[in-house]
Amino acid sequence: MGKVAEFRHEGIILDWTNGGASQINVGDVVPLGSCCGVAVTDIPAGGTGSVRVSGVYDVESTNDFSLSQGAVVYYDAATKKATNNTAKAFLGIAALKKETADKIVRVKIGYEWHDKAEKTITYSNTGAKITAGAVVKFSDFCGVAAEDIDNGDEGSVYIEGTFKLASVANASFAAGDRLYIDAAGKLSKLSVLGNIPIGIAADAKETAATTAFVTLSRDVAPKGEDTITYANSGAE
């Protein structure tokens, strides 16, 4: 009987074929489905080159979030920056603490900590196309689309994680505030009829800010409370 598996290499560097229209340059982050790597060589469109999937790298980052050492880091292929938005590609873990103002995050890249499958559910879309990062409303909680989901198709929706979402601009949030999605699809603190629970504020938000960070949770209502506040505009 032949070998079931035959050792080839340590798996630190992988061959990768560039199926895009643009060249990948040395040092570019390369999304690889369930994780990301870093190009070791220039890889022209249609060509094959080496991508490293292990090691510690300094990666350009947005400067609107902080990370503790060991926190999960993601990568936004559109902006080519590291982020804490779990709707983006998994990159690795923070090798050092990142302050909010820092524009660089030190990341230990790899696939070992990836737990995306544990944070999503499969959603059958019967309405208009849902784009990755959009809020998906259920009867008593909300999720965030992990990918584009066309009408009639199934796709993954995050039900855990921290996301930056559109918010009302007439209220401030304190970290830990219970948040809801209103009829306009924006974060709100109001527990009124029609607003659906989504999670808790992951950071403070100034009144005029139009976005906020929310940590998804299906347990938004305080313990022992199963009611919402209803503003009656009709007869008694």
Side-chain angles (χ1 to χ4, degrees), residues 61-68 71-74 76 78-79 81-88 98-103 105 119-121 123 125 127-149 155-236:
S61 167
T62 57
N63 59 344
D64 56 2
F65 68 95
S66 62
L67 287 173
S68 58
V72 178
V73 186
Y74 299 85
D76 187 337
T79 62
K81 291 183 179 181
T83 177
N84 66 341
N85 186 342
T86 57
K88 305 304 179 182
K98 175 192 177 299
E99 302 294 347
T100 301
D102 293 343
K103 295 183 179 180
V105 59
K119 295 184 177 181
T120 64
I121 58 175
Y123 176 68
N125 182 18
K129 178 180 179 178
I130 298 170
T131 57
V135 172
V136 179
K137 296 180 180 179
F138 299 94
S139 59
D140 57 357
F141 72 98
C142 295
V144 174
E147 57 189 334
D148 291 349
I149 312 174
S156 296
V157 174
Y158 288 105
I159 55 173
E160 296 180 25
T162 300
F163 297 82
K164 182 179 182 181
L165 299 177
S167 168
V168 296
N170 59 0
S172 62
F173 302 159
D177 280 348
R178 296 175 176 87
L179 298 180
Y180 303 81
I181 291 294
D182 65 14
K186 295 182 178 181
L187 295 171
S188 168
K189 288 196 299 184
L190 297 180
S191 173
V192 297
L193 187 66
N195 285 7
I196 302 175
I198 186 168
I200 61 173
D203 205 350
K205 179 189 93 73
E206 299 295 332
T207 300
T210 58
T211 60
F213 286 99
V214 58
T215 298
L216 301 183
S217 173
R218 285 162 286 170
D219 302 313
V220 171
K223 260 188 182 179
E225 291 186 15
D226 351 83
T227 63
I228 59 174
T229 301
Y230 173 61
N232 182 14
S233 57
E236 183 177 353

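From a predicted model like this one, the values you see are computed outputs, not experimental measurements. Any value given below was found using the heavy atoms of this structure, including those in side chains, with hydrogens, waters and symmetry copies removed.
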Close side-chain approach of V105 and L67, heavy atoms under 4.5 Å
yes
4.5 Å side-chain heavy-atom contact, D182 and V168
yes
What distance separates T62 OG1 from K164 NZ, expressed to the nearest 0.5 Å?
6.5 Å
Contact check, side chains of L187 and T211, non-hydrogen atoms, under 4.5 Å:
no
First locate atom CG of N170, then atom OG1 of T207, and finally report the distance between them rounded to the nearest 0.5 Å.
8.5 Å
Report the distance from atom OG of S66 to atom CG of N84, rounding to the nearest 0.5 Å.
8.0 Å
Between T210 and A169 the two heavy atoms that sit nearest each other are CG2-CB, 4.1 Å
S156 OG to I149 CD1 distance, which is reported to the nearest 0.5 Å:
7.0 Å
Shortest non-hydrogen contact from I196 toward D140:
CG2-C, 4.0 Å
Nearest heavy-atom contact between K88 and Y74 is O-CD2, 3.6 Å
Just wondering, do I200 and V214 contact through their side chains at under 4.5 Å, heavy atoms?
no
Just wondering, are more than 12 heavy atoms of other shown residues or ligands nearer than 6.0 Å to NZ in K103?
no
E147 side-chain N/O to A132 backbone N/O, donor-acceptor pair under 3.5 Å
no
Quick one: do K205 and D177 make a salt bridge, cutoff under 4.0 Å?
no
Could you please spell out the steps behind the side chain to side chain contact (heavy atoms under 4.5 Å, CB included) verdict for I198 and F141?
CA-CA 5 Å; I198 186 168; F141 72 98; over 6 Å; no
In the structure I gave you, are the side-chain heavy atoms of Y180 and C142 within less than 4.5 Å of one another anywhere?
no
For a 4.5 angstrom cut-off between non-hydrogen side-chain atoms, does F213 reach F163?
no
At what distance, to the nearest 0.5 angstrom, does CG of D148 lie from CG of N125?
10.5 Å
Check whether any side-chain heavy atom of I181 sits under 4.5 Å from a side-chain heavy atom of N195, and report yes or no.
no
In Å, rounded to the nearest 0.5 Å, how long is the span from NZ of K98 to CZ of F65?
4.5 Å
May I ask you to decide if the ring planes of F138 and Y123 are parallel, tilted or perpendicular, using 30° and 60° as cut-offs?
perpendicular
Could you work out, with side-chain hydrogen bond (donor to acceptor under 3.5 Å, both in side chains) as the rule, every residue matching S188, not counting sequence neighbours?
none
Does any part of the side chain of S172, heavy atoms only, come nearer than 4.5 Å to the side chain of E206, both counted from C-beta?
no
Closest non-hydrogen atom pair between Y158 and A146, with its separation:
CE1-CB, 3.1 Å
